[in-house]
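Values reported hereafter were calculated over all heavy atoms of this structure, with side chains retained and with hydrogens, waters and symmetry mates removed. Lettering follows sequence order; numbering is per chain, from 1.
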Number of protein chains: 2
Amino acid sequence: MASNAPASRSDGLHYLSLRDAIAARITAGDLKPGDKLPSERRLQEDLGVARGTVREGLFQLEAEGVIYRRDRSGWYVSPPPVVYDPTRWEGFMSYVEAQGRIPATETIAANEVAADPLLADVFSRPPGAPLYVIRRRRYVDGRAVLVERLVVDAALAPDLLRFSFDQSLTSILKTEYGITVARNQVSMQPCALTGFEAEALRVKSGLPGLAVQRRSYDAQGRVVEYDHEHWRHDSVRISVDTRVR
Amino acid sequence: MASNAPASRSDGLHYLSLRDAIAARITAGDLKPGDKLPSERRLQEDLGVARGTVREGLFQLEAEGVIYRRDRSGWYVSPPPVVYDPTRWEGFMSYVEAQGRIPATETIAANEVAADPLLADVFSRPPGAPLYVIRRRRYVDGRAVLVERLVVDAALAPDLLRFSFDQSLTSILKTEYGITVARNQVSMQPCALTGFEAEALRVKSGLPGLAVQRRSYDAQGRVVEYDHEHWRHDSVRISVDTRVR
DNA sequence: AGCCGTCTCTGGTCTGGACCAAATATCTAG
DNA sequence: CTAGATATTTGGTCCAGACCAGAGACGGCT
């Protein structure tokens with residue numbers, strides 16, 4: 001036998017020892033963002049613990065955002081998060097690039113729908129009024145980090161669907177329709193990525209996430225954009241700067 | 001045997017079936033916020049699956065914020081989250097009460113410390129300058145939902161420690177020192193509650209949380225409060241309203 | 001070079017144990 | 001009735017297996 005001494009931690013929990021061991025390799029620079037960790041069965045042998053215990057330790061690091069998994073491929077060291085200010089009228093492509101990362105956008109669907117009572121209320125329009133619903137998936141450095149559902153009032157942006165949404169919607173609304181935003185109402189809540197979101201981001205159901213909801217109003221107080229974003233928990237940091245009212 | 005038919009779900013995963021079964025009981029009102037779930041071993045028998053599978057299903061619901069655990073006591077249905085606007089200069093006691101919930105605050109520690117280089121930079125003061133550091137735990141309806149570390153410049157609020165911090169710090173700074181806030185710089189990030197925070201909130205290490213950092217400035221641009229909050233993920237929804245700059 | 005199978009490796013799910021420590025309920029003595 | 005000791009229940013940790021499905025590598029065919 002070779003090395004066989006788990007529980008090198010004060011509290012003596014094996015999975016936290018494994019957590020510490022891997023965390024140490026990462027902070028030491030032995031493992032860098034994007035690097036692949038040894039397989040679970042490899043760690044199991046190396047550390048002399050059961051696979052379930054190995055996974056428990058990996059789950060800890062995943063919860064902390066230190067590592068992430070690619071389904072049935074392996075565990076990888078997480079890249080740093082991007083900083084996002086949802087109150088700014090600045091596009092994803094723009095601020096991600098400004099942080100030295102490579103943004104990408106993929107349009108999953110773009111449809112015209114009739115407003116249901118809920119959406120009608122948000123847009124202060126009668127039920128049945130035409131709206132555009134756009135679903136997109138966004139990437140940073142090739143990794144899917146969020147899915148979003150955008151709703152725009154068709155009356156404010158007629159024939160919006162003729163544009164490509166793989167670029168910035170911000171600039172389309174501004175350049176093509178002269179729409180500018182005067183006020184943002186943003187709400188955020190920790191969530192779990194499940195069902196559709198989990199599939200779209202190719203993560204295991206239950207991974208922590210951050211749900212961001214934004215209503216953008218123009219100077220006349222009309223809702224020009226109603227947005228729901230679901231971010232991976234390890235990929236985003238929100239930053240907001242405000243004068244006190 | 002009695003009921004014995006797991007995997008009633010389209011994807012046929014036992015733990016998701018269990019998730020759905022319990023979620024259904026909650027949405028149906030059969031289980032209400034604060035109610036205790038049957039024990040893991042009870043569910044194991046009722047549903048005819050291994051205990052590990054039961055736990056996997058419970059973890060799903062925990063990640064979604066639907067249920068929570070009290071260590072070695074049991075699983076309980078979560079109450080709704082409180083809504084919090086960190087850009088407002090309004091105290092915890094005030095906005096929690098306004099939402100029909102019962103707030104409580106417990107001061108864990110209150111000390112005067114010498115500014116380390118990091119804090120000195122934040123407060124634009126020389127290293128070693130006196131600062132007050134306050135640690136508090138906050139409750140909603142008797143459940144600990146966040147721990148925070150507050151830092152205040154001793155030069156701006158001399159002899160601050162003679163006050164009790166079980167009430168609102170907001171009103172102390174305003175009433176006793178005439179300090180008002182003109183600007184807030186807030187950043188938020190999904191995190192895992194580990195180590196100190198997990199112990200303080202009595203949650204299992206690795207539970208998802210939300211880390212909120214706030215710098216409050218007065219009209220002269222001085223930092224009057226530097227705050228780090230760690231919230232349970234299932235207890236908070238952030239809401240921010242801003243005019244676009 | 002490029003396509004398409006096959007084969008291996010990886011994490012995902014599940015079983016059925018076991019023992020522990022903290023929380024809780026219960027009982028008992030004062 | 002109360003306080004303290006005791007027994008039970010509960011989740012927390014860990015083990016050693018098993019099988020599956022998707023990802024990725026490899027090799028052969030066109």
Trainee: Pick base, sugar-phosphate or nothing for A:Gly74, based on heavy-atom distances below 4.0 Å to the nucleic acid.
Mentor: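 Touches sugar-phosphate only.
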Trainee: For D:dT10, does either OP1 or OP2 sit under 4.0 Å from a side-chain N or O belonging to B:Ser39?
Mentor: yes
Trainee: Is B:Arg143 salt-bridged to B:Asp141, cutoff N-O under 4.0 Å?
Mentor: no
Trainee: Of the options C:dG12, C:dG16, D:dC14, whose atoms approach the side-chain atoms of A:Asp71 most closely?
Mentor: C:dG12
Trainee: B:Leu37 CG to D:dT9 P: how many Å, rounded?
Mentor: 19 Å
Trainee: Which heavy atom of B:Pro81 sits nearest a heavy atom of B:Asp234, and at what distance?
Mentor: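 Looks like CB-O, 3.9 Å.
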Trainee: Taking atom P of C:dG16 as reference, at what distance in whole Å does atom CD of B:Gln44 sit?
Mentor: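 In whole Å, C:dG16 P lies 9 Å from B:Gln44 CD.
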Trainee: For D:dT13, does OP1 or OP2 lie under 4.0 Å from any side-chain N or O of A:Tyr15?
Mentor: yes
Trainee: Could you check how far CH2 of A:Trp75 sits from C1' of D:dG22, rounded to whole Å?
Mentor: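 Going from CH2 in A:Trp75 over to C1' in D:dG22 covers 16 Å.
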Trainee: Please determine whether a side-chain nitrogen or oxygen atom of B:Arg202 lies at a distance below 4.0 Å from atom OP1 or OP2 of C:dA22.
Mentor: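 Looking at the OP1 and OP2 atoms of C:dA22, neither is under 4.0 Å from any side-chain N or O of B:Arg202.
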Trainee: Can you check the B:Glu62 CD to D:dG11 P distance for me, whole Å?
Mentor: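 Rounded to the whole Å, the gap is 12 Å.
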Trainee: Return whichever of A:Ala50 or A:Tyr76 has its heavy-atom-nearest nucleotide of DNA chain D closer to the 5' end.
Mentor: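 Final value for this comparison: A:Ala50.
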Trainee: Answer yes when B:Glu148 and B:Arg137 have at least one side-chain N-carboxylate O distance shorter than 4.0 Å, and no when they do not.
Mentor: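 No salt bridge links B:Glu148 with B:Arg137.
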Trainee: Starting at atom CZ of B:Arg72, determine the distance to atom C1' of D:dT13, rounded to an integer number of angstrom.
Mentor: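 Those two atoms, CZ and C1', are 9 Å apart.
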Trainee: Can you check the A:Glu56 CD to D:dC15 P distance for me, whole Å?
Mentor: 12 Å
Trainee: Please give, in whole Å, the distance from D:dG11 P to B:Arg41 CZ?
Mentor: 7 Å
Trainee: May I ask you to verify if any side-chain N or O of B:Arg70 is less than 4.0 angstrom from the OP1 or OP2 atom of C:dA22?
Mentor: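 The answer is no; no side-chain N or O of B:Arg70 sits under 4.0 Å from OP1 or OP2.
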Trainee: Can you find a side chain N or O atom of A:Thr53 that sits less than 4.0 Å from OP1 or OP2 on D:dC15?
Mentor: yes
Trainee: Can you tell me if B:Arg51 touches the phosphate of C:dG17, counting only side-chain N or O atoms and a distance under 4.0 Å to OP1 or OP2?
Mentor: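 For B:Arg51, the contact criterion (side-chain N or O under 4.0 Å from OP1 or OP2 of C:dG17) is not met.
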Trainee: Over all heavy atoms of both residues, which pair between A:Gly34 and A:Tyr76 is shortest? Give the atoms and the distance, please.
Mentor: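 Minimum heavy-atom contact is O-CD2, 3.5 Å.
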Trainee: Does any non-hydrogen side-chain atom of B:Arg19 lie less than 4.5 Å from one of B:Glu64?
Mentor: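 With C-beta onward as the side chain, the pair touches.
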Trainee: Quick one: B:Leu43 CG to C:dT15 P, roughly how many Å, whole number?
Mentor: 14 Å
Trainee: Hey, does the side chain of A:Arg55 come within less than 4.0 Å of D:dC14's phosphate (OP1/OP2), counting only N and O?
Mentor: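 No, A:Arg55 has no side-chain N/O under 4.0 Å of OP1/OP2 on D:dC14.
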Trainee: If only side-chain N and O atoms of A:Lys204 are considered, is one of them under 4.0 Å from the OP1 or OP2 phosphate oxygen of C:dT13?
Mentor: yes
